[in-house]
Amino acid sequence: MDFQAVKGTRDFYPAEMAVRNYLVDAWRRVSLRNGFEEFDGPVLEYLDLYRVKSGDEIVSQLFAFTDRGGRQLAMRPEMTPTLARMINARVNSLPRPIKWFCLSNVFRAENPQRGRSREFFQWNIDIIGSDQALADAEGVFVAVDLLAELGLASNDVVVRYSSRRLLAAVLTGLGLAADAIPAVLAVLDKRGKLPDPAFAEMLEKVVPAEDTRESIRKFLDLRQMESAEELAADLCILASEELRLALEDLRQFQQALRSFGIEAWCRYDTGIVRGLAYYTGIVYEIYDRSETLRALAGGGRYDNLLEVLGGPKIGATGFGMGDVVLGILLAEKGKLPDLASRLDCFVVTGEAALQDQVLQTVGALRRGGVATDFSPKARNLSKLLKDAAGRRARYAVIVRAESLAVKNLTTGEQIDVPAGEFLRQPKKFLA
RNA sequence: GUGGAUGUAGCUCAAUUGGUUAGAGCAUCGGGUUGUGGUCCCGAGGGUUAUGGGUUCGAGUCCCACCAUCCACCCCA
């Protein structure tokens, strides 16, 4: 039988593992320096956890099964429900705002293609317990901090954001019923992803009135914010309190982006709606500027989710970023550093009789925290140095009867050192 | 889940209209250049041509199925 990796999953050979670790290490480093704490949960959750949040249709898109005890389980397709469940369980004892992150593998039973696989690693950043747009902006800051950490600049990527709250307020002002709005949002999410005529047709289905559609288009074409009064006048609607509040929220968000010094990375874009229903405020997605790839990250405010999952109503905001698209972008931009593993020392000897001293030297160096290896085969010195170079060691330590020679394999310089002196303080010689 | 394209050593590719034991480079391993390195030279291993059927005297090449990958839909938490 010939086995291969399951469709949509990836094997991580050392070269790929190095890339994955490079990303995960950066995610963790950036999270910690932004004041977030790490958590994780189980890979398996009750299927209902996802049903409650997203409805039955989601079930066909995740890996689910019934265990021998008759429980309906699913492999986690995302971390937010797990996070909400964990927060809810201890909500009264956790100091707020809660700033947590996780680096977790998630599973989706969708058809794999470029930038999309069935198992991938996702970095999640969430701030729970703050209603301020400042928290949304802080999420964006963390994302930008990470991208910059990996060598990307504001001309490589863009954070496109908008406010679903404002959009909902406008739609309400245009006379749409509350229960009709989600369907309209779903259609608006398709704008720019569909050909214009197809989009127009879909919009016509959910918004029959032509003048209303015209106002929606006018709003979508806005590139900068006006006052609530001007906006209301432009769209021929009443400047409701909710419209004012939504606009004020968006302004605070933008002000925070400026204060954080990341406005050059960000662009207001009404085309950002986000597919799922639970977003309630600021939403954003991050794209490469050439827009040839899928979104690098997406997120926003979800003030109702904890309540939906049986907890109190607490404001929450956050984003998720996957490893697949990010890895592709960094590779394309040539931003992945040389990640091949390196040794500090490779210990060799030209005399087979000294093999025992080679092992003693190796042991001493390793105990001293020096990444060290050797060749298990006794060979001539020329071959052994070839081995050392092949392993990308920085230094070759040549064991001789009377002393050690430490050879810098980058410069070719070589010095003789008494063995005892070297082994007492090896790092002195390995600058 | 639907549609299209692709599938020959670990990787990149060869193989005349179907015609002998499917080749090369790189990589890997071994050896030599007789004890100081990534060069050079020699050699070896590795493929039931993704897999399973079928047509044919004969299939890497044609047909069908299946698996996987890529692309486009669906979806995107």
Side-chain angles (χ1 to χ4, degrees), chain A residues 1-11 13-16 45 49-55 57-62 74-84 104 106-118 120 122 124 126 186 189-190 193-195 198 272-279 283 285 292 294-300 302 305 308 318-322 324-325 328 340 346 348-354 375 377-400 405-416:
Chain A
M1 274 196 100
D2 193 16
F3 291 106
Q4 53 192 160
V6 171
K7 176 181 175 130
T9 65
R10 292 169 290 167
D11 291 327
Y13 287 85
E16 292 86 38
E45 292 278 7
L49 182 64
Y50 305 110
R51 272 218 187 92
V52 166
K53 181 192 154 198
S54 310
E57 71 278 11
I58 210 75
V59 172
S60 65
Q61 291 167 47
L62 41 77
M75 298 180 78
R76 60 188 180 196
E78 58 165 328
M79 290 304 291
T80 311
T82 298
L83 169 71
S104 311
V106 295
F107 302 83
R108 298 178 185 180
E110 290 180 315
N111 237 1
Q113 47 186 285
R114 180 176 165 87
R116 243 177 135 171
S117 59
R118 289 186 162 185
F120 58 96
Q122 196 178 57
N124 280 260
D126 288 281
D189 185 52
K190 296 284 178 283
K193 298 172 188 169
L194 286 177
I272 300 300
V273 178
R274 304 286 291 155
L276 232 66
Y278 68 75
Y279 286 108
V283 288
E285 292 176 355
T292 56
R294 302 178 157 278
L296 284 157
Y302 51 98
L305 186 59
V308 167
F319 70 85
M321 179 184 291
V324 181
V325 178
I328 292 172
F346 196 87
V348 302
T349 186
E351 301 167 52
L354 296 179
S375 172
K377 288 169 291 194
R379 323 170 70 182
N380 65 46
L381 198 54
S382 175
K383 284 277 189 267
L384 289 168
L385 285 171
K386 215 169 268 196
D387 288 345
R391 295 291 302 278
R392 297 164 50 85
R394 292 162 58 227
Y395 292 87
V397 176
I398 303 166
V399 175
R400 295 189 180 124
V406 178
K407 182 181 177 87
N408 183 323
L409 291 173
T410 309
T411 64
E413 287 170 44
Q414 181 172 329
I415 53 169
D416 280 1

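Any value given below was found using the heavy atoms of this structure, including those in side chains, with hydrogens, waters and symmetry copies removed. Below, chains carry the letters A, B, ... as their sequence lines are ordered, and counting in each starts from 1.
For C70(B), the base has no donor-acceptor partner in the side chain of R116(A) [N/O atoms by modelled type, under 3.5 angstrom].
C42(B) and G35(B) have their P atoms separated by 22 Å, given to the nearest Å. Using atom C1' as the reference point in both A15(B) and C74(B), the two lie 41 Å apart (nearest Å). Spacing between U2(B) and C13(B) at atom P, rounded to whole Å, works out to 30 Å. Going from the P atom of A22(B) to that of A50(B) covers 15 Å, rounded to whole Å. Taking atom C1' on both nucleotides, U16(B) is separated from U34(B) by 49 Å, rounded to a whole Å. Annotation: G60(B) and U48(B) have their P atoms spaced 13 Å apart (nearest Å). U28(B) and U20(B) have their C1' atoms separated by 31 Å, with the value rounded to a whole Å. Taking the C1' atoms as reference points, C11(B) lies 7 Å from A27(B), given to the whole Å.
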| task | Take R118(A) and M75(A) through the test side-chain contact (heavy atoms from CB on, under 4.5 Å) and record every step on the way to the result. | result | CA-CA 11 Å; R118(A) 289 186 162 185; M75(A) 298 180 78; over 6 Å; no

| query | side-chain contact (heavy atoms from CB on, under 4.5 Å) between V399(A) and E351(A): does it pass, once the steps are laid out? | reply | CA-CA 8 Å; V399(A) 175; E351(A) 301 167 52; over 6 Å; no

| request: Check the pair E16(A) / R10(A) against salt bridge (charged side-chain N to carboxylate O under 4.0 Å, His left out), numbers first and verdict last. | output: CA-CA 9 Å; E16(A) 292 86 38; R10(A) 292 169 290 167; over 6 Å; no

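Between Q414(A) atom CD and G35(B) atom P the separation is 16 Å, expressed in whole Å. Atoms CZ (R118(A)) and C1' (C75(B)) sit 13 Å apart, rounded to a whole Å. With rounding to whole Å, E285(A) atom CD is found 12 Å from A77(B) atom C1'. Here G10(B) presents its C1' atom at 12 Å from CD of E16(A), a figure rounded to the nearest Å. When the C1' atom of U33(B) is taken as reference, atom CG of N380(A) falls 10 Å away, rounded to whole Å. Atom CG of D387(A) and atom P of U28(B) are 11 Å apart (whole Å). Atom-to-atom, CD1 of I328(A) to P of C71(B) comes out at 8 Å; the value is rounded to the nearest Å. Residue D189(A) contributes atom CG, which lies 12 Å from atom C1' of A77(B) at whole-angstrom precision.
In this model, the phosphate group of C76(B) is not approached by any side-chain N or O of Q61(A) to a distance below 4.0 Å at OP1 or OP2. Taking side-chain N and O atoms only, R274(A) has a distance below 4.0 Å to OP1 or OP2 of A77(B).
Contacts of G412(A) with the nucleic acid, taken as non-hydrogen atoms under 4.0 Å apart, include base atoms. At the heavy-atom level, G8(A) lies under 4.0 Å from the strands shown only through sugar-phosphate atoms. Using a 4.0 Å heavy-atom distance criterion, I398(A) is classed as a base contact. If you check every strand for non-hydrogen atoms under 4.0 Å, R400(A) touches a base.
Across U39(B), C74(B), A77(B), the shortest atom-to-atom separation from the side chain of Q113(A) is found for C74(B). Distances were taken from every side-chain heavy atom of Q4(A) (C-beta onward) to each of C67(B), G38(B), U36(B); the shortest belongs to C67(B). The side chain of P112(A) lies closest to C70(B), out of C70(B), U33(B), C76(B). The side chain of K407(A) has U36(B) as its nearest neighbour among G38(B), U36(B), U69(B). For Y279(A), counting side-chain heavy atoms from C-beta on, the closest listed nucleotide (G1(B), U36(B), A77(B)) is A77(B). In the set A77(B), G38(B), C71(B), A77(B) carries the atom at the smallest distance from any side-chain atom of R108(A). For K383(A), the side-chain atoms get nearest to G32(B) when compared with the rest of U36(B), C76(B), G32(B). Closest to the side chain of E78(A), from the set A68(B), G38(B), A77(B), is A77(B).
The backbone N or O of L384(A) sits nowhere less than 3.5 Å from a side-chain atom of S375(A) that would complete a donor-acceptor pair. The backbone N or O of Y13(A) sits nowhere less than 3.5 Å from a side-chain atom of D11(A) that would complete a donor-acceptor pair.
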| query | For RNA chain B, what string of dots and brackets results from 5' to 3' when Watson-Crick and G-U pairs need both distances under 3.5 Å, crossing pairs get [ ], and pairs with another strand get |? | reply | (((((((..((((.....[...)))).(((((.......)))))......((((..]....)))).)))))))....

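Each of R114(A) and N111(A) has a nearest nucleotide on RNA chain B; the 5'-most of these lies closest to N111(A). Residues K7(A) and R294(A) both approach RNA chain B. Their nearest nucleotides, taken by heavy-atom distance, put K7(A) toward the 5′ side.
Side-chain contact between Q414(A) and I398(A): present, with at least one pair of heavy atoms (C-beta onward) separated by less than 4.5 Å. In this structure, the side chains of D126(A) and Y302(A) come closer than 4.5 Å at one or more pairs of heavy atoms. Two residues are said to be in side-chain contact when any heavy atoms from C-beta on lie closer than 4.5 Å; D416(A) and R400(A) meet this criterion. Taking the side chain as every heavy atom from C-beta outward, R274(A) and E285(A) approach each other to under 4.5 Å.
A side-chain contact (heavy atoms from CB on, under 4.5 Å) with F120(A) holds for exactly one of T9(A), V325(A), V324(A); it is V324(A).
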